[in-house]
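To find a chain, count down the sequence lines: A is the first, B the second, and so on, and within it residues start at 1. Keep in mind that the numbers below use all heavy atoms, side chains included, and drop hydrogens, waters and symmetry copies.
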Protein chains: 2
Amino acid sequence: MTTLKDLSRHLNLSVTQVSRALNGYADVSEATRARVLAAASELAYQPNLSARKLVSGRSGIVGLVLQGTPASMTGDHFLTVIGGLSAEFSRRELQFVLHMADPEEDVIEVYRRLIDGGGLDGFVLIEPVTDDRRVAYLAQRGIPVIVHGRLFGGPAHAYYDIDNAEVGRVLTRHLLRHGHRRIAFLNGSPQRAYSEARRRGHVEALEEAGLPFDPGLHITASMDEKHGLVSAVKLFSGPAPHPTAVIASHLKIARGLVQGLSALGLRVPDDVSIVAHDDQLSDLAATGFEPPLTTTTSPIYDSWAPLADGLARLIAGAPIPAVQHTAAVDFVERGSVAAPRNERPAPRKNHHGDTR
Amino acid sequence: MTTLKDLSRHLNLSVTQVSRALNGYADVSEATRARVLAAASELAYQPNLSARKLVSGRSGIVGLVLQGTPASMTGDHFLTVIGGLSAEFSRRELQFVLHMADPEEDVIEVYRRLIDGGGLDGFVLIEPVTDDRRVAYLAQRGIPVIVHGRLFGGPAHAYYDIDNAEVGRVLTRHLLRHGHRRIAFLNGSPQRAYSEARRRGHVEALEEAGLPFDPGLHITASMDEKHGLVSAVKLFSGPAPHPTAVIASHLKIARGLVQGLSALGLRVPDDVSIVAHDDQLSDLAATGFEPPLTTTTSPIYDSWAPLADGLARLIAGAPIPAVQHTAAVDFVERGSVAAPRNERPAPRKNHHGDTR
DNA sequence: ACCCCGAGCCGAAACGTTTCGGGTGGAGTA
DNA sequence: TACTCCACCCGAAACGTTTCGGCTCGGGGT
């Protein structure tokens, strides 16, 4: 192992000066700096992280702590996430590591150990929940942390988030524009901030159109196929009037939904219009649906760079408000929306007076 | 952050003695040790890993370095692996981290940085290939590493492996015992040591029975459904004689195989007998097949503990030969093997004299 | 001639831990 | 009494780095 001392001996310089040359300080002549750099690469000098950390308090390592399988990323996608973050961090001269916490152990304790042990400089935190204890703990200790998603209420924190309210607004407005009035919303878990944000946008769009929000049409559950399937049955097998359109908060929900609708003999978009939000993480593709799904979309892999960037800046001392970024979402119209039935030439039956 | 100095002040003891008490040295009275332990837990003392590492050369962190998605663990299973290892290591007071290497970068360089930076004490290495450069590098530098699987040839290394030759032997013998003589073997990539070991066991069993090994019946490819499907077509759609039994090196191969056989109108086990090896990692279950598959099995999750254990011992100074463990495999007979067609009451046709 | 200033360099302290080589005091032995 | 021995304890050095304060040297201004 080459150390600074080795280099300084080799170059007839003081350890101090070698260190300063390597770290880009001003008071070292260009000639010296060049010599030092050459020697460093020749001797394959690698700064000792432990020593550096000991004195400077920085290890250059950031991490992601997981306890149990994160809901959003089943399958291969998980490696995509880790790989994406890892690549972005190494681009910024930071090491990124994943730590799986023992499910038995209090995760706060894990963070404490990791921090006090002097190991990690900062954290990426995914899938925050309301009143997230981890965020609270890290904020209180002043440890740099950037959250993928956002917490409302609780301590201020750095985050990268997409404009979830806009997701709700855009999707709802699109359906309204096509004449839909009874719109169901298959949303994610109410525990999660993004679900609430999307609901808010949804309600706003309804209000713009002078329509009331019907809580009975807003169903929250974990974002999986089951949610879509179960909700389809709930919404469309009961007594009329049924919704004429459905918003799915995730492609997986949409998938369960179309399966359910198909089993109930309902066609998309003739009988029911569907829109969804697409994070482009799952192996489902909006274009793989029949018909292709009209969606808002914001590729989750667009978030690695801002997350890494944000955490790097945080560690470098940036104030929290400077590291809060909300990304816009795209809207892509495909073939899963049509005008509702009752807007089109009405079928003859059921034609007796409706005096309401 | 509580330091040793804080504790020593608090207790009116020297830093030395506190350290020794905490680390279980003999020359500290039980009374003192108890006091120290109490104070440590009261003040939430956490040894500073960087400082410890700096002087002792140990960080207590071990890692797994991955470059690209490992072939064997698609899907959720990946987290199972990481989680399993992580849990076992933390049980042994070691932190386990995952590092995803930039696919662009030489992975050796990544190891070098990790080691010279003073970060990691040792590594788990999965999916070794023949003449694995990583193993060679780590061995040459004397860095503790335990391999999941085994390399033949190359430097000696610590490993945990299953008895793959036995897999080949047991599976082949079982088929032989049922009267099969033309046995195909859908094996894994020839790059991988386990494939070769299984082939060896296979050949041995054949030789025991006085049968020659037919290279035309041994097909190697990556262990996925495609392999099974493609090989099924290759083996059973060409000119007779076809094999009467097939060994699949993985449940995924078996799955592709049964799909292919079914498409070709062949039934298991009436027309073709199948056996496979089951690592119990994939979401496929041997009992989920129709008929249930006769398999050798060695749950991959049985390997976390021995791997963690081995690496821990290696770091503690155990010699490499003491950390080489080959685990036995189980054999479970289910319903996918029958006697071959020509051993059963022969159909009438094709009955003219065969004088050979 | 004097002082000042900046460029370039250096010594030493500090970070928190482990560990080596002692030290002290009291009990046991001759 | 004088010695040894053991149980228990301590000071100081070391690990490799960063950083604070200060040093020297030569050139410019007055």
Going by ring-ring contact (aromatic ring centres under 6.0 Å, His included), name the residues that satisfy it together with [X], two or more places apart in sequence or in a different chain.
X       : answer
H157(B) : Y159(B)
F89(B)  : F96(B)
Y160(B) : H325(B)

Could you give the side-chain donor-acceptor pairs of residues 34-47 of chain A under 3.5 Å, partners two or more places apart or in another chain?
| from | atom 1 | to | atom 2 | distance (Å) |
| --- | --- | --- | --- | --- |
| R35(A) | NH2 | L11(A) | O | 3.2 |
| S41(A) | OG | A38(A) | O | 3.4 |
| Q46(A) | OE1 | R112(B) | NH2 | 3.4 |

Determine the minimum heavy-atom distance between R192(A) and E127(A), stating which atoms define it.
->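 What the structure gives for the nearest pair is NH2-CA, 2.8 Å.
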Which residues satisfy the salt bridge (Lys or Arg N to Asp or Glu O under 4.0 Å) test with D302(A), sequence neighbours excluded?
->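 Counting only residues at least two positions away or on another chain, D302(A) forms no salt bridge (Lys or Arg N to Asp or Glu O under 4.0 Å).
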Which residue lies more 5' along DNA chain D, comparing V55(A) with A26(B) via nearest heavy atoms |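 The 5'-side residue here is A26(B).
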Identify, between T32(B) and A51(B), the residue whose nearest nucleotide on DNA chain D lies closer to the 5' end.
-> T32(B)
Partner set under side chain to side chain donor-acceptor pair (under 3.5 Å) for S29(B), not counting sequence neighbours |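 Only T32(B) meet the side chain to side chain donor-acceptor pair (under 3.5 Å) criterion with S29(B).
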Side chain to side chain donor-acceptor pair (under 3.5 Å) partners of D102(A), counting only residues at least two apart = none
DNA chain C contacts made by residues 5-17 of chain B, counting heavy atoms under 4.0 Å |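 Heavy-atom contacts with DNA chain C come from V15(B), T16(B).
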Once you build an axis from the first five pairs and another from the last five of the helix from dA1(C)-dT30(D) to dA30(C)-dT1(D), how far apart in angle are they, to 10 degrees?
-> 60°
Do any pairs count as a salt bridge (charged side-chain N to carboxylate O under 4.0 Å, His left out) and have a residue in residues 303-323 of chain B, sequence neighbours left out, and if so which ones?
-> R92(B)-D309(B), D309(B)-R313(B)
Contact pattern, 5' to 3', of nucleotides 22-27 of chain D - B, S or - by protein heavy atom under 4.0 Å = ------
The residue among L66(B), V65(B), L64(B), V110(B) that forms side-chain contact (heavy atoms from CB on, under 4.5 Å) with M100(B) is L66(B)
V15(B) and side-chain contact (heavy atoms from CB on, under 4.5 Å): which partner among L4(B), L7(B), T3(B)?
->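 Filter result, single survivor: L4(B).
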If you look at every strand shown and take non-hydrogen atoms under 4.0 Å, does S19(B) touch a base, only sugar-phosphate, or nothing?
-> base
Extract, from 5' to 3' on DNA chain C, the first and final nucleotides lying under 4.0 angstrom from some heavy atom of chain B.
->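 Listed 5' to 3', the contact boundaries are dG16(C) to dC20(C).
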Any donor-acceptor pair under 3.5 Å from S86(B) side chain to G83(B) backbone |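 No, the answer is negative, given that no donor and acceptor are paired below the 3.5 Å cut-off.
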Between F123(B) and Y111(B), is the ring centre distance below 6.0 Å?
->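 Between Y111(B) and F123(B), which both carry aromatic rings, the centre distance is below 6.0 Å.
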